[in-house]
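Below, read A as the first sequence line, B as the second, and so on, with proteins coming before strands; counting in each chain starts at 1.
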Amino acid sequence: MINYIDELNESQRAAVLYNDGPSLVIAGAGSGKTRVLTYKIAYLLESGYEPWSILALTFTNKAAKEMKERIARQVGEQSARYLWMGTFHSVFSRILRTEAASIGFTANFTIYDTSDSKSLIRSIVKEMQLDDKTYKAGAIQSRISNAKNHLISPGAYAMNREMAEHDNACKMGAIGDIYRRYWDRCRQAGAMDFDDLLFYTFILFSEHPDILRKYQEQFKYILVDEYQDTNFAQHNIVLQLSKLRQKVCVVGDDAQSIYSFRGANIDNILKFTKLYQNTQVFKLEQNYRSTQTIVCAANSLIEKNREQIPKEVFSEKSQGDLIGVIQAYSDVEEGDIVSNRIMELRMSQHYGYNDFAILYRTNAQSRIFEEALRKRNLPYKIYGGLSFYQRKEIKDVIAYFRLSVNPNDEEAFKRIINYPARGIGDTTVGKIIEAATSHSVSLWEVLGDPLEFGLNINKGTHTKLQSFRELMETFISMLTEGNAYEVSTAIVKQAGIVNDIYQDRQPENMSRQENIEELMNGIHDFCAMREEEGNENISLSDFLSEVSLLSDQDTDKSTDGEKITLMTIHSAKGLEFRNVFIVGLEENLFPSSMSGDSPRAMEEERRLFYVALTRAEDHCFLSYAKIRLHYGKTEFANPSRFLRDIDTAYLQIPNDSVSSRQSDEPAGRFRREKRERPARSLFNSERETTKQNIINRTVPSNLTKMENIQPKPSSGIAITNLQAGEQIEHERFGIGEVLRVEGSGENLKATVKFRNAGEKQLLLKFARFKVIS
DNA sequence: ATATCAACCCTTTTT
DNA sequence: GGGTTGATAT
């Protein structure tokens with residue numbers, strides 16, 4: 001039984017215990033939001049809610065996973081695993097796969113990622129013979145995304161005056177047509193993009209009241225995390241699902257809404273109480289993370305925003321040091337000063353490297369800090385940049401998997417029809433696309449009978465196409481005969497990818513090999529993990545549907561050692577560090593130059609700064625440079641207006657600072673030249689190794705050579721007489737104690753309480769561990 | 001069909 | 001500055 005009195009403060013407890021109707025929890029930064037959510041779910045379970053009747057939606061897989069683990073620790077693995085807890089996208093894709101037939105899809109639909117969508121848009125623009133200078137894929141994509149997030153279908157788009165006006169103003173009057181074609185092509189390919197996962201869920205529920213009813217009845221309680229980041233579509237689906245019972249609890253902080261550029265609408269949280277009558281509002285205002293100085297400074301900053309829910313965040317921790325303001329001559333010097341300050345602070349106050357974070361507005365700023373840290377041999381890790389699944393070699397392999405599972409997948413088709421090179425060029429692909437579009441079939445269907453669709457190709461090409469088709473057909477027939485690991489290994493070998501990648505032994509291609517190996521190891525772990533849990537869904541299709549919604553942050557373990565963290569402020573949301581350096585506080589950088597003209601955008605930048613400040617527990621530093629290299633040009637910069645938004649009582653301002661800013665620009669420039677040149681050439685000569693380092697840092701290092709990849713044998717030894725009370729050491733979960741052993745024969749399973757990983761159910765047939773005496 | 005070079009374009013990015 | 005893309009040459 002959980003002690004809700006001792007472990008929660010008064011407002012947290014009130015929020016946890018109130019479950020009679022809709023509630024809104026305004027959770028200030030560091031106020032124990034996740035704690036409230038997990039305790040609330042635990043409390044619901046204790047009060048008799050079945051786990052599968054609780055729907056909890058988050059924005060990241062990581063958040064969902066963490067919460068699930070914390071709940072499992074409180075109420076046991078058995079209840080926790082049946083909770084409907086996950087990201088909007090993963091939960092809805094699960095529903096959509098079940099109900100696919102009702103909206104004209106099949107259960108194995110592909111999920112297009114951003115680059116798939118862009119590529120499809122590019123080819124549509126080309127086919128429509130529009131000028132791709134005016135019709136830029138990125139811009140069109142964001143228009144389409146925006147439409148979908150507002151639940152506007154191609155049909156509705158065509159009739160929408162506002163949209164048409166906007167498009168005409170941008171000289172892109174054909175976007176409506178492009179949207180229509182894009183929509184049809186996705187359907188033809190059996191594919192949904194990220195936005196479709198939301199839009200089709202909404203459509204499913206609006207067009208099929210019986211299905212909506214089914215889910216309304218199943219989900220007796222709905223919780224939503226980070227509600228300030230929901231968009232119109234997400235908001236409306238929550239509305240649909242909760243309409244019947246009004247048992248809904250949304251948690252968030254309007255002051256931390258920083259994703260409007262992705263369609264998030266802060267009004268959803270601001271107007272929540274208007275939509276749901278009788279909403280109980282709870283405010284969590286005690287900050288347990290930061291010193292009083294940091295909390296007060298952050299309050300004084302956010303006060304400058306107009307639109308917000310009034311709240312008074314306070315801290316009862318010590319007052320702490322003032323926030324240090326650092327002024328540098330150049331961006332390079334900024335890197336030097338910050339690194340030196342980290343060294344000093346670490347020595348004088350015995351911090352570890354992972355007690356430090358450097359947060360910046362744009363990824364481009366990371367390079368200079370990398371350089372400075374590397375020069376001093378300080379360990380660091382960078383988040384962001386190219387994710388594992390976006391690397392070319394990984395996308396190629398995944399495309400084979402995708403096409404096998406869903407042969408209609410157009411983007412996968414185009415990606416691999418000539419990889420490895422088999423003499424099928426752009427002209428041929430163009431003809432296939434044309435035939436497919438004019439007959440309203442998929443590219444794959446054209447391949448089945450090229451002559452039928454009037455494909456004008458010569459004998460040689462015909463043969464090449466047929467052998468590709470036969471290759472794919474062997475893969476398709478393998479799908480049912482093995483698990484994801486077995487099938488994928490076979491595909492990688494038989495498609496000639498192994499040959500292609502392992503041919504050249506040039507050092508820069510070694511990382512490609514390692515990445516493929518890493519992917520294969522990942523698939524192996526995916527199967528092993530599910531088998532151990534007794535989950536039988538380990539086909540390639542199961543792997544794909546999970547992996548397409550996965551991002552890098554989900555896979556990497558943040559526990560990899562003592563390192564300084566470098567990341568954008570956006571990706572730092574939800575995290576905390578003892579010491580935080582917020583860098584590049586200059587006009588046109590932070591706030592970004594793009595937000596100058598709109599007060600709304602400026603408020604969002606200010607919230608972003610608020611998020612950055614409130615990441616710090618002990619110390620916070622703000623730095624800016626007078627000169628910075630911008631797109632290759634040296635530019636002068638003025639200190640950010642945000643420095644003036646913070647009450648000076650909380651700042652430690654250096655002698656010649658904000659007030660006297662036009663002091664010695666020529667000197668600054670001179671300095672830059674002098675230090676810059678050698679540093680840069682040094683960097684250039686080491687560029688390759690830098691890349692290597694980044695890869696090594698982002699990719700876990702348990703690589704095995706390709707030849708050695710094969711299922712690791714399960715222990716198989718002495719597991720039949722495993723007894724409760726014994727200590728075991730598991731390959732992934734570490735050391736734990738056996739609580740129970742149940743079942744017999746094949747289905748023998750043990751419940752083990754691990755020191756670090758919580759309680760797990762292991763199917764002994766598959767589990768890899770050894771008994772420690 | 002590949003290689004090489006010039007032209008382009010730059011925010012943030014949970015899915 | 002730098003990474004990617006597209007046109008051109010071979």
Side-chain angles (χ1 to χ4, degrees), chain A residues 57-65 86-93 111-115 117-119 122 126 132-133 136-139 141-142 145 148-149 192-198 225-226 228-231 233-234 256-264 331 359-365 367-368 383-387 389-390 392 418 421-428 546-554 567-575 584 588-596 601 604-605 607-609 611-612 628-635 676 680 683-684 687 690-691:
Chain A
L57 298 167
T58 64
F59 276 83
T60 64
N61 292 302
K62 199 173 154 201
K65 201 177 138 207
T87 63
F88 280 91
H89 292 83
S90 72
V91 168
F92 294 163
S93 73
I111 297 172
Y112 275 176
D113 69 16
T114 332
S115 66
S117 322
K118 269 199 188 137
S119 149
R122 253 192 291 272
K126 210 170 180 177
D132 56 3
K133 294 268 165 21
K136 296 205 192 84
Q141 187 189 32
S142 73
S145 171
K148 287 181 178 174
N149 287 160
M192 293 196 196
D193 64 22
F194 290 136
D195 302 315
D196 284 332
L197 293 175
L198 308 177
D225 191 15
E226 308 276 18
Q228 76 280 358
D229 291 333
T230 51
N231 63 32
Q234 290 162 326
Q256 294 186 64
S257 160
I258 55 173
Y259 279 103
S260 75
F261 68 95
R262 290 180 57 93
D331 46 5
L359 306 181
Y360 33 79
R361 176 70 238 264
T362 67
N363 278 312
Q365 289 165 263
R367 237 197 62 230
I368 284 170
Y383 289 81
L386 201 61
S387 96
Y389 294 103
Q390 286 172 346
K392 186 193 169 296
N418 201 29
R422 46 174 74 86
I424 303 173
D426 289 346
T427 352
T428 312
E546 177 154 311
V547 87
S548 41
L549 292 172
L550 223 59
S551 75
D552 259 18
Q553 259 102 30
D554 307 318
M567 55 168 65
T568 62
I569 301 166
H570 281 93
S571 36
K573 196 172 107 180
L575 306 178
N588 294 325
L589 181 61
F590 193 16
S592 154
S593 52
M594 318 294 272
S595 42
E604 175 148 323
E605 292 283 310
R607 289 193 295 268
L608 190 58
F609 188 35
V611 168
R628 178 174 300 275
L629 213 56
H630 229 208
Y631 300 142
K633 279 207 297 283
T634 321
E635 276 178 6
E676 191 73 37
R680 192 136 299 178
F683 183 71
N684 283 340
R687 268 208 44 196
T690 313
K691 246 185 190 157

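- The side-chain ring of A/Phe261 is stacked on the base of B/dT12, judged by centre separation under 5.5 angstrom and plane angle under 30 degrees.
- A/Glu226 places its CD atom 12 Å from the P atom of B/dT15, with the value rounded to the nearest Å.
- Of the side-chain N and O atoms in A/Thr568, one or more sit less than 4.0 angstrom from OP1 or OP2 of B/dT13.
- The side chain of A/Glu605 lies closest to B/dT11, out of B/dC9, B/dT13, B/dT11.
- Atom P of nucleotide B/dT15 and atom OH of A/Tyr389 are separated by 12 Å, given to the nearest angstrom.
- Projected onto DNA chain B by closest heavy-atom contact, A/Ile258 and A/Thr427 fall at different nucleotides, the more 5' of which corresponds to A/Thr427.
- A/Thr362 comes within 4.0 angstrom of the backbone, heavy atoms only, and of no base.
- Between the OH atom of A/Tyr631 and the P atom of C/dT4 there is a distance of 16 Å, rounded to whole Å.
- Comparing B/dT12, B/dT15, B/dC9 by their closest approach to the side chain of A/Lys136 singles out B/dC9.
- Ranking B/dT14, B/dT2, B/dT12 by closeness to the A/Ala421 side chain, first place goes to B/dT2.
- Rounded to whole Å, atom P of B/dT15 lies 12 Å from atom CD of A/Gln234.
- Proximity of A/Asn418 to the phosphate of B/dA1: no side-chain N or O atom is located under 4.0 Å from OP1 or OP2.
- A/Ile569 pairs in a side-chain contact (heavy atoms from CB on, under 4.5 Å) with only one of the listed residues (A/Thr362, A/Ile258, A/Leu359), which is A/Leu359.
- When heavy atoms are screened at a 4.0 angstrom cut-off, A/Phe88 is found touching no nucleic acid atom at all.
- Remark: the backbone N or O of A/Ala139 is paired with a side-chain donor or acceptor of A/Ser142 at under 3.5 angstrom.
- Judged by distance alone, with hydrogens and angles left aside, A/Arg262 brings a side-chain donor or acceptor within reach of the base of B/dT13, the pair sitting under 3.5 Å.
- For B/dT12, the glycosidic angle deviates from 0 by more than 90°, giving an anti base.
- When distances run from any side-chain atom of A/Thr60 to the nucleotides B/dC9, B/dT15, B/dT13, the shortest one goes to B/dT15.
- Of the candidate nucleotides B/dT13, B/dT15, B/dT11, B/dT15 has the atom lying nearest to any side-chain atom of A/Leu549.
- Atom pair A/Lys573:NZ and B/dT15:P shows a separation of 12 Å (rounding to whole Å applied).
- Within the 3.5 Å criterion, the main-chain N or O of A/Ser592 finds no donor-acceptor partner in the side chain of A/Asn588.
- Residues meeting the side chain to side chain donor-acceptor pair (under 3.5 Å) test with A/Asn363, sequence neighbours left out: none.
- Other residues, nucleotides and ligands contribute more than 12 heavy atoms inside 6.0 Å of the NZ atom of A/Lys392.
- Across the interface with DNA chain B, nearest-nucleotide mapping of A/Arg361 and A/Ile424 shows A/Ile424 to be the residue nearer the 5′ end.
- An OP1 or OP2 oxygen of B/dT14 is reached within less than 4.0 angstrom by no side-chain nitrogen or oxygen of A/Asn61.
- For the pair A/Asp195 CG and B/dT13 P, the computed distance is 17 Å after rounding to whole Å.
- Note on A/Arg122: every side-chain N or O is 4.0 Å or more away from OP1 and OP2 of C/dT5.
- Using cut-offs of 30° and 60° for the angle between ring planes, the A/Tyr259 and A/Phe261 rings count as tilted.
- Minimum atom distance to the side chain of A/Arg367 is reached by C/dG2, of the listed C/dG2, B/dT15, B/dT11.
- The distance from atom CD of A/Glu604 to atom P of B/dT13 is 13 Å, rounded to the nearest whole Å.
- Put simply, CG on A/Asn231 is 14 Å from P on B/dT15, counting in whole angstrom units.
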